[in-house]
Amino acid sequence: MCGISGWIDFQRDLTREQPAIDAMCATMTCRGPDAGGTWVRPHAALGHRRLAIIDLPGGAQPMAAATSDGEVAIVYSGEAYNFTELRDELRRRGHRFDTDSDTEVVLHGYLEWGPQVAEHLNGMFAFAVWDTRTEQLLLIRDRMGIKPLYYYPTEQGVLFGSEPKAILTNPLAEKIVDADGLRELFVMVKTPRQAVWSGMHEVEPGTIVTVDRKGLREHTYWRLQAAAHTDDQQTSVSHVRELLDDIVRRQLISDVPRCVLLSGGLDSSTITALAGLQLAQSGEQVRSFAVDFVGQTEHFVPDEMRATPDTPYVHDVAEHVGSRHQDIVLDPDALADPAVRRATVQARDLPLGLGDLDQSLYLLFKAIRGHSTVALSGESADEVFGGYKWFHDPQVQQAENFPWFAVRSLPVRQTNTLSPDLAAAMDLESYVADAYREAVSSVPVLDGESDLDRRMRQICYLHLSRFVRVLLDRKDRMSMAVGLEVRVPFCDHRLVEYVFNTPWSLKTFDGREKSLLRHATADTLPKSVVERVKSPYPSTQDPKYAAVLQRQVADLVAAGDPALSLLDEKWLREAMKQDPNGIDQAARFTFERALDLSTWFEIHHPTVKL
């Protein structure tokens, strides 16, 4: 796993711009703490920071290959889990390799297949190839968007990077957020290509962006397609298990210590159990980590999202699987530490206001990094298999809107906390409605589907093309901020394609959520987890945490912090009057947003233009 950056300019001599190039590369140090380097030619500069995972001595980047017509250079982030098979195939085609790294395989794959190399890769990746033979840059992103990649067109070329901060460091990039960018901050819709920063774009998953002297163009090499599902129930269950066994086997490959993230839910428990079985074949014990909060289990109160605490189920799985387990227990002071908030906002480059959901994940990953460099996660199983409660709510199924907006406890639509003038100018209701219509219009259609299957295909597609990208981005930023590579087996495109095309009756054949996953892996799990109701990533219930937030926001108000001009001052002052021991969720979310906004302004000094 790594961080990449670069600058293409068809008029400027970039060999004279080394300080700017080095500065762009340096912003990615958190993503690649092990090594760094640049490759600079008159019109192309590539930067790389490396987190060494495969072939520790031989995988240095940028990496270049000489051809009879000129050099081809690559900067690569991610993992190609099928690189050994591809290397064997390329050797049969006459290619010779000097290292054991997957980066060299991808580079030679480009020399053999050109841009179509992306279609040969199984994995998570974002990479840039500069081909001196054609003076052409290719920006290529994996099918599900697990690894981030951004670009910023300029008058004579383009800037690019794994994260916006790499681009914003360049003097050609302006730190401006326009109306649409601001809208993205306050509604969870993840509009395609929208990067919040004006002029900047996100490379779409499954997409190749080409830049040359003729300009910039996009090509989609993968998207979800509708296809008839002909397998019966038992065959479908068996095939899901076969895929998961193969996926976990591939994603355990590493030359550095690896572990699993365990929450006690079906998804992470499945990955833990399958990893445990496979590692046991070589006499290795799987290592697992979980996050918890001081007093959470003893004082847990069920709410709309979480019916049970995680820890008892985590321990059931750890004992059943025989993992070497460790709980990372966090207290309110650690979660509310301004330095931790600054680290999470810095990692995201955005003030999303998710508060302890981000901060606890960051602290969990930071603790894990002391033991492991690679972690496998159960992220995305809910989007793939239909696990969220709202999938199964008839009212949500019929609503003409993003399904997750129906959940009151999610901080996805905090429109009532905006200043009245800003709320009127942004018209978020229309923005969301337009985004929904655009998203639904791209859903693939299967002739002959029932009305229910057609609607559920739409809902699944919305989660796989919009909602999951928010979660994947969060996991990538929080993990890479501490130099931890997190792999997501449930995002393997083969599994996603197969389950996407199973009818809703198969996804729920036992009358519950995630029927296919549950029955495919029940033999590996304790009964308590197999029967457990879905529970999302935990959030602290300790009132001390919200009370600390309240005091921190009071300090911002007293100091006249300019970031608060975006929020409804009257509403904020009323929230600050609440009893510190009984702060409601709406107030807590608003405090998180205010603190994130203040931190964001302090870090980036953005110019907001409506």
Side-chain angles (χ1 to χ4, degrees), residues 164 174-191 194-200 336 338 341-342 344-345 348-358 401-402 404-405 407-436 470 546-578 580 583-610:
E174 296 183 297
K175 295 182 179 181
I176 295 173
V177 177
D178 60 18
D180 280 347
L182 207 57
R183 291 179 179 111
E184 284 288 307
L185 291 179
F186 289 93
V187 288
M188 193 181 291
V189 297
K190 198 62 176 174
T191 302
Q194 171 62 257
V196 176
W197 298 96
S198 181
M200 190 183 299
R341 183 178 300 276
R342 183 180 179 85
T344 60
V345 174
R348 279 189 176 273
D349 292 312
L350 297 174
L352 297 184
L354 294 181
D356 74 306
L357 296 177
D358 276 355
N401 206 338
F402 293 105
W404 48 92
F405 283 167
V407 185
R408 293 189 301 275
S409 58
L410 284 180
V412 295
R413 300 187 77 185
Q414 302 175 48
T415 58
N416 63 322
T417 66
L418 298 177
S419 72
D421 290 344
L422 181 60
M426 292 204 295
D427 188 10
L428 293 177
E429 294 297 325
S430 295
Y431 186 74
V432 171
D434 290 344
Y436 176 76
V470 175
V548 174
L549 299 185
Q550 190 180 48
R551 292 197 298 272
Q552 291 175 346
V553 172
D555 291 340
L556 296 183
V557 172
D561 193 295
L564 301 187
S565 63
L566 299 178
L567 303 178
D568 186 334
E569 182 180 351
K570 181 180 178 182
W571 198 99
L572 190 61
R573 289 186 181 278
E574 287 300 315
M576 289 169 56
K577 295 178 183 177
Q578 292 188 19
I583 296 171
D584 61 33
Q585 282 285 64
R588 176 170 152 176
F589 287 149
T590 302
F591 295 155
E592 301 278 24
R593 175 72 77 179
L595 292 165
D596 273 11
L597 281 168
S598 175
T599 305
W600 182 54
F601 271 74
E602 179 187 343
I603 293 171
H604 285 297
H605 307 288
T607 299
V608 177
K609 291 185 177 180
L610 297 180

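Numbering starts at 1 and runs along the sequence shown.
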Q: What verdict does the salt bridge (charged side-chain N to carboxylate O under 4.0 Å, His left out) test give for Arg342 and Glu602, after you've listed the backbone C-alpha separation in whole Å, the side-chain angles of each residue and the deciding distance to 0.1 Å?
A: CA-CA 9 Å; Arg342 183 180 179 85; Glu602 179 187 343; 3.1 Å; yes
Q: Looking at every non-hydrogen atom in both residues, tell me the closest pair between Leu418 and Ala423 and how far apart they are.
A: CB-CB, 4.2 Å
Q: Report yes or no: does Arg573 contribute a side-chain atom to a donor-acceptor pair with the main-chain N or O of Asp568 at less than 3.5 Å?
A: no
Q: Show the nearest heavy-atom pair for residues Gln550 and Pro580, with the distance to one decimal.
A: OE1-CG, 3.5 Å
Q: Please confirm whether the ring centroid of Trp600 lies under 6.0 Å from the ring centroid of His605.
A: no
Q: Does Thr599 reach the main-chain N or O of Leu595 with its side chain, forming a donor-acceptor pair under 3.5 Å?
A: yes
Q: Provide the closest heavy-atom pair for His604 versus Trp197 in the form atom of the first, atom of the second, distance.
A: CB-CH2, 3.8 Å
Q: Check side chain to side chain contact (heavy atoms under 4.5 Å, CB included) between Asp584 and all other residues, then give those that pass, not counting sequence neighbours.
A: Gln578, Ala586, Ala587
Q: Hey, what do you get for CE (Met426) to CG (Leu182), rounding to the nearest 0.5 Å?
A: 4.5 Å
Q: Rounded at 0.5 Å granularity, tell me how far CG in Leu428 sits from CG in Leu185.
A: 10.5 Å
Q: Evaluate side-chain contact (heavy atoms from CB on, under 4.5 Å) for Leu352 paired with Val470, printing each intermediate quantity in order.
A: CA-CA 10 Å; Leu352 297 184; Val470 175; 5.6 Å; no
Q: Nearest 0.5 Å please: distance from the CG atom of Leu350 over to the OG1 atom of Thr344.
A: 11.5 Å
Q: Rounded to the nearest 0.5 Å, how far does CG of Leu422 lie from CG of Leu610?
A: 6.0 Å
Q: Are the side chains of Val189 and Arg183 in touch, meaning some heavy atoms are under 4.5 Å apart?
A: no
Q: Keeping the roles fixed (side chain from Glu174, backbone from Ile176), state whether a donor-acceptor pair exists under 3.5 Å.
A: no
Q: What's the separation between atom CG in Asp596 and atom CG in Asp358, rounded to the nearest 0.5 Å?
A: 7.5 Å
Q: Could you tell me the separation between the CE atom of Met576 and the CH2 atom of Trp571, rounded to the nearest 0.5 Å?
A: 12.0 Å
Q: Could you pull out all residues at least two apart from Gln552 that satisfy side chain to side chain donor-acceptor pair (under 3.5 Å)?
A: none
Q: Over all heavy atoms of both residues, which pair between Ala594 and Leu556 is shortest? Give the atoms and the distance, please.
A: O-CD1, 3.9 Å
Q: Flag yes if more than 12 heavy atoms outside Lys175 fall under 6.0 Å of its NZ atom; otherwise flag no.
A: yes
Q: Mind checking what makes side chain to side chain donor-acceptor pair (under 3.5 Å) contact with Asp555, not counting sequence neighbours?
A: none
Q: Looking at Phe591, I'd like to know if the NZ or CZ of Arg551 sits under 6.0 Å from its six-membered ring centre while staying within 45 degrees of the ring's axis.
A: no
Q: One thing to verify: whether Glu592 and Arg341 come together as a salt bridge, which I'm taking to mean a side-chain N less than 4.0 angstrom from a carboxylate O.
A: yes
Q: Looking only at non-hydrogen atoms, find the nearest pair between Tyr431 and Thr191 and report the distance.
A: OH-OG1, 3.4 Å
Q: Less than 4.5 Å apart, side chain to side chain, heavy atoms only: is that true for Ser419 and Glu569?
A: no
Q: I would like to know whether Leu566 and Phe601 meet side-chain contact (heavy atoms from CB on, under 4.5 Å); could you show each step before the answer?
A: CA-CA 12 Å; Leu566 299 178; Phe601 271 74; 4.2 Å; yes
